[in-house]
Amino acid sequence: METSSDAFLPTGRVTTDQDLQVSSEKINGTVCDIHNVPAPLHHLTLCAALCSSATVQKVKKDKGEDLAWEGHGDATEVALQVYAHKLGYGKPHLTTDISERDSAMVYTDKPDRFELVVEHAFDSSIKRMTMVYICTPADDVKSHLLVVTKGAFERVFEKCTRILASNGRDVTSNDMEDVNRQYESLASQGLRVLTMCCKQLPLSDLESVKSMKRDDLETDMSFLGLAGIYDPPRTESAIAVGDCHRASIVPRMLTGDHVGTAIAIAKAVGILRSDYPKSAVMTGPEFDQLSEDEIDKLDPLPSVVARCAPETKVRMVEALHRRGRLCIMTGDGVNDAPSLKRADVGVAMGLNGSDVAKQCAEIVLTDDNFATIIVAVRKGRGIFFNLAKFMLYLMSGNIAQIVLMLIGLAFIDDSGQSTFPISPVAILWVNTLCAGPPALALGLEETPSDAMDRAPSAYQSMFTMWWIIDLFAYGFFMAAIAIGNFAAVMWGYFDGDLGIDCNVDLDDNVCNKTGRARGAVFATFLFILLVHAFNCKHPTQSIFRMNLIENKPLLWSVTVLILSVFPVIYIPVINDKVFLLFPIAWEWGMVVASMIVFLGITEIYKLSRRRFAPLKPADMKTASGDNALAEEKRIVENDQVMA
């Protein structure tokens with residue numbers, strides 16, 4: 001079938017006698033005449049159109065825009081409806097009298113009329129659905145009942161005793177082998193394969209059919225054919241799965257599809273490696289037959305479970321919980337509701353998800369895209385990083401100020417009073433106006449490129465041992481350099497005379513030397529603190545390997561705060577009466593040298609961290625069945641049907 005850029009467009013060519021190449025865009029073969037469809041294809045298309053509750057209709061996308069086509073219902077059924085429409089077998093055309101035809105659609109001439117009388121909805125436990133119609137033929141032949149069924153191959157083909165609806169014959173062992181071979185071929189290409197069958201009953205059986213049990217109705221069916229539907233996984237899905245493996249998140253696929261289809265899709269997106277072990281793939285019945293003890297002995301749990309029932313998914317969630325792991329389950333159908341509710345976090349699909357699934361889930365994806373979950377994980381890790389940077393910058397600066405003030409108590413003047421290396425007003429200025437903006441700007445940092453390369457244990461707590469070590473190390477580095485500059489000015493350049501009562505007022509004759517030393521300490525401390533803001537962008541990465549201009553708010557805040565130093569130091573009254581310091585001259589060389597020294601010390605410190613205490617990388621093996629998964633790993637369970 002020829003497709004277009006609009007997946008819901010119900011017009012196009014349907015061809016026969018062509019090789020199946022799902023990845024080829026070239027259409028070869030004989031184009032079907034919608035008014036003269038071969039009998040086998042006619043019955044197959046009738047089943048595709050009638051055994052469905054999906055619809056395709058034209059709607060307005062936005063105000064002022066042209067009409068567009070939309071599909072409503074299960075995506076698989078919508079695909080079958082689009083196919084039926086392209087042959088002129090649209091369900092509305094078959095079940096209602098259309099007085100006005102849409103010029104954008106095609107219609108087969110003189111279609112039979114069908115009236116729905118019985119509907120057995122899709123049941124995940126038996127994986128099939130059945131509908132019964134009263135068929136009124138267009139050629140005035142006697143009316144009859146038409147029973148149409150579609151579903152999973154192994155649950156539908158077993159109900160078939162004949163091949164084809166008209167001029168058919170009994171199913172033989174050779175037929176079973178041929179059909180099964182074709183089915184496996186389609187499934188291995190990543191196609192979702194549906195099996196279709198039907199049977200005719202006399203109209204006189206109408207009342208008995210209405211009261212008939214489903215199992216009795218779905219017997220002695222005529223096999224019509226297989227429908228292979230190919231919907232390639234989104235490009236971003238493979239990237240997202242790769243990010244999962246990098247981040248020690250194990251994606252698993254629990255699906256109702258055939259095992260061949262599930263394996264093909266899992267390989268395409270990277271859930272399975274090409275050399276995956278047999279234990280990485282199981283079917284739902286195989287998994288359900290295992291006891292809890294047998295499941296707990298599996299190491300690891302299977303990465304792909306095909307043909308699974310709702311209880312299979314619940315058992316998988318419980319198996320993960322018994323291993324002490326976090327489980328996030330995604331789903332869209334009513335049958336996913338139990339597992340969504342049982343999982344630690346349930347994620348429902350907002351576009352195609354059922355209302356029941358949305359109500360049972362904690363999170364609803366508005367775009368139905370698995371990659372969005374990974375984007376959220378990345379963003380969450382970025383927020384964690386930024387919070388750690390924010391706290392590290394503020395608290396290390398506070399520790400530096402505390403150490404500076406405490407050690408300053410040892411500087412005793414001639415009156416026996418301690419002389420502060422920096423005034424309380426200056427400390428308040430640094431702590432509020434100068435430390436706040438850079439800290440807030442660090443909270444706006446982009447997510448680090450290696451955020452998804454770390455094990456989840458790195459995000460369990462911000463206050464780790466190394467975070468605390470960093471906190472005190474940077475605080476002591478800054479305090480030591482500031483105190484060293486105070487001592488260098490007072491005792492290296494001057495004679496060490498601290499004056500008298502210089503904590504209250506500065507007298508040019510008595511406290512000139514102390515004021516100059518305080519000016520040097522104030523400039524040194526503030527400039528080092530601003531350099532430290534860039535240093536806090538990453539706990540171990542060298543500042544020379546960082547992109548220092550990517551955070552514009554940080555650049556602006558540092559620039560403004562650098563400029564704010566000069567009015568404080570050089571404007572009279574503000575400097576000596578408020579901040580208790582005097583202007584500096586040659587001390588600026590000391591300030592610049594202090595910045596270089598601080599940068600060198602922190603680079604050596606980070607180098608030692610990278611060598612002896614590197615950030616713990618994500619060392620989880622891929623989900624294809626490697627041994628001994630660490631219990632600390634967090635597991636993401638992916639129940640997304642990528643079709």
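Note that the coordinates shown come from a computational prediction; the quantities given were computed from them, not determined experimentally.
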Asker: Which heavy atom in Ala187 sits nearest to a heavy atom in His258, and how many Å separate them?
Answerer: CB-ND1, 3.4 Å

Asker: Is it the case that the side chains of Ser339 and Asp336 hold a donor-acceptor pair, with the cut-off being a distance below 3.5 Å and no angle test?
Answerer: no

Asker: Strictly by modelled atom types, are Ser125 and Asp123 linked by a side-chain donor-acceptor pair under 3.5 Å?
Answerer: yes

Asker: Could you tell me which non-hydrogen atom of Leu191 sits nearest to which non-hydrogen atom of Thr261, and how far apart they are?
Answerer: O-OG1, 2.5 Å

Asker: Can you tell me how far OG1 of Thr45 sits from NE2 of His85, rounded to the nearest 0.5 angstrom?
Answerer: 12.5 Å

Asker: Could you tell me which non-hydrogen atom of Ala319 sits nearest to which non-hydrogen atom of Leu301, and how far apart they are?
Answerer: CB-CD1, 4.2 Å

Asker: Among Val364, Asp367, Asn369, Leu365, find the one that has a side chain to side chain contact (heavy atoms under 4.5 Å, CB included) with Met349.
Answerer: Leu365

Asker: Does atom CD of Glu154 have more than 12 heavy-atom neighbours from other groups under 6.0 Å away?
Answerer: yes

Asker: In sequence, state the C-alpha distance, the side-chain angles, and the governing distance for Arg342 and Met329, and then conclude on side-chain contact (heavy atoms from CB on, under 4.5 Å).
Answerer: CA-CA 9 Å; Arg342 185 68 182 86; Met329 178 70 73; over 6 Å; no

Asker: Rounded to the nearest 0.5 Å, what separation is found between the NZ atom of Lys267 and the CG atom of Leu272?
Answerer: 7.5 Å

Asker: Quick check for you: to the nearest 0.5 Å, what is the distance between Cys197 atom SG and Leu44 atom CG?
Answerer: 11.0 Å

Asker: Do Phe153 and Val193 make a side-chain contact, defined as non-hydrogen atoms from C-beta onward lying under 4.5 Å apart?
Answerer: no

Asker: Looking only at heavy atoms, which two atoms of Tyr83 and Val14 are closest? And how far apart?
Answerer: CE1-CG1, 4.1 Å

Asker: Any side-chain heavy atom of Val171 sitting closer than 4.5 Å to one from Ile163?
Answerer: yes

Asker: Would the distance check show the side chain of Arg315 and the main-chain N or O of Leu290 forming a donor-acceptor pair, the cut-off being under 3.5 Å?
Answerer: yes

Asker: Before you tell me yes or no, could you show the steps for Lys127 and Phe122 under side-chain contact (heavy atoms from CB on, under 4.5 Å), namely the whole-Å CA-CA distance, both residues' side-chain angles and the distance that decides it to 0.1 Å?
Answerer: CA-CA 6 Å; Lys127 299 187 183 305; Phe122 178 81; 4.3 Å; yes

Asker: Would a 4.5 Å heavy-atom cut-off, applied to side chains only, mark His245 and Pro251 as touching?
Answerer: yes

Asker: Could you check whether any side-chain N or O of Arg381 sits under 3.5 Å from a backbone N or O of Tyr459, counting only pairs where one atom can act as donor and the other as acceptor?
Answerer: no

Asker: I need the Ser291 OG to Lys297 NZ distance, nearest 0.5 Å.
Answerer: 7.5 Å

Asker: Under a 4.0 Å threshold between the charged nitrogen and the carboxylate oxygen, would Arg273 count as salt-bridged to Asp275?
Answerer: yes

Asker: Any donor-acceptor pair under 3.5 Å linking the side chain of Asp344 with the backbone of Ile328?
Answerer: no

Asker: Tell me, do Trp466 and Pro539 make a side-chain contact under 4.5 Å, heavy atoms counted?
Answerer: no

Asker: Could you please spell out the steps behind the side-chain contact (heavy atoms from CB on, under 4.5 Å) verdict for Asp450 and His538?
Answerer: CA-CA 10 Å; Asp450 62 346; His538 197 281; 3.1 Å; yes

Asker: If we check side chain to side chain contact (heavy atoms under 4.5 Å, CB included) with Leu201, which of these qualifies: Asp220, Leu146, Val147?
Answerer: Val147

Asker: Are any side-chain N or O atoms of Thr95 and backbone N or O atoms of Phe114, one a donor and one an acceptor, separated by less than 3.5 Å?
Answerer: no

Asker: Counting only N and O atoms by type, is there a donor-acceptor contact under 3.5 Å from the side chain of Ser52 to the main-chain atoms of Ala49?
Answerer: no

Asker: Crowded around Met176 CE? As in, over 12 foreign heavy atoms under 6.0 Å?
Answerer: no

Asker: Using a 3.5 Å distance criterion without hydrogens, assess whether the side chain of Ser185 forms a donor-acceptor pair with backbone atoms of Arg181.
Answerer: no

Asker: Distance check, rounded to the nearest 0.5 Å: Ile374 atom CD1 versus Arg378 atom CZ?
Answerer: 9.0 Å

Asker: Supply the atom-to-atom distance Asp175 CG to Phe223 CZ, rounded to the nearest 0.5 angstrom.
Answerer: 9.5 Å

Asker: Does Asn386 reach the main-chain N or O of Gly443 with its side chain, forming a donor-acceptor pair under 3.5 Å?
Answerer: yes

Asker: Using atom types as modelled and distance alone, determine if a side-chain donor or acceptor of Glu77 lies under 3.5 Å from a backbone N or O of Ser53.
Answerer: yes

Asker: Under the 3.5 angstrom rule, does the side chain of Lys199 hit a backbone N or O of Leu217 as a donor-acceptor pair?
Answerer: yes

Asker: Which heavy-atom pair separates Leu340 from Gly331 by the least distance, and what is that distance?
Answerer: CD2-N, 3.8 Å

Asker: With no hydrogens and no angle check, just 3.5 Å: does a side-chain donor-acceptor pair link Thr130 and Glu218?
Answerer: yes

Asker: Give me the atom names and distance for the closest heavy-atom approach of Gly350 to Lys358.
Answerer: O-NZ, 3.0 Å

Asker: Between Arg128 and Lys150 (side chain of the first, backbone of the second, donor and acceptor by atom type, cut-off under 3.5 Å), is there such a pair?
Answerer: no

Asker: Do Asp332 and Asp368 have side-chain heavy atoms sitting under 4.5 Å apart?
Answerer: no

Asker: Is there a side-chain contact between Leu50 and Tyr89 in this structure, where contact means two heavy atoms from C-beta onward sitting under 4.5 Å apart?
Answerer: no

Asker: Would you call Asp470 and Arg609 a side-chain contact if the rule is heavy atoms closer than 4.5 Å?
Answerer: yes

Asker: Do Leu80 and Met196 come close enough that some side-chain heavy atom pair is under 4.5 Å?
Answerer: yes

Asker: In terms of relative ring orientation, are Trp467 and Phe463 parallel, tilted or perpendicular, with 30° and 60° separating the classes?
Answerer: perpendicular

Asker: The test is side-chain contact (heavy atoms from CB on, under 4.5 Å); show your working for Ile265 and Val304 and say whether it passes.
Answerer: CA-CA 10 Å; Ile265 295 175; Val304 175; over 6 Å; no

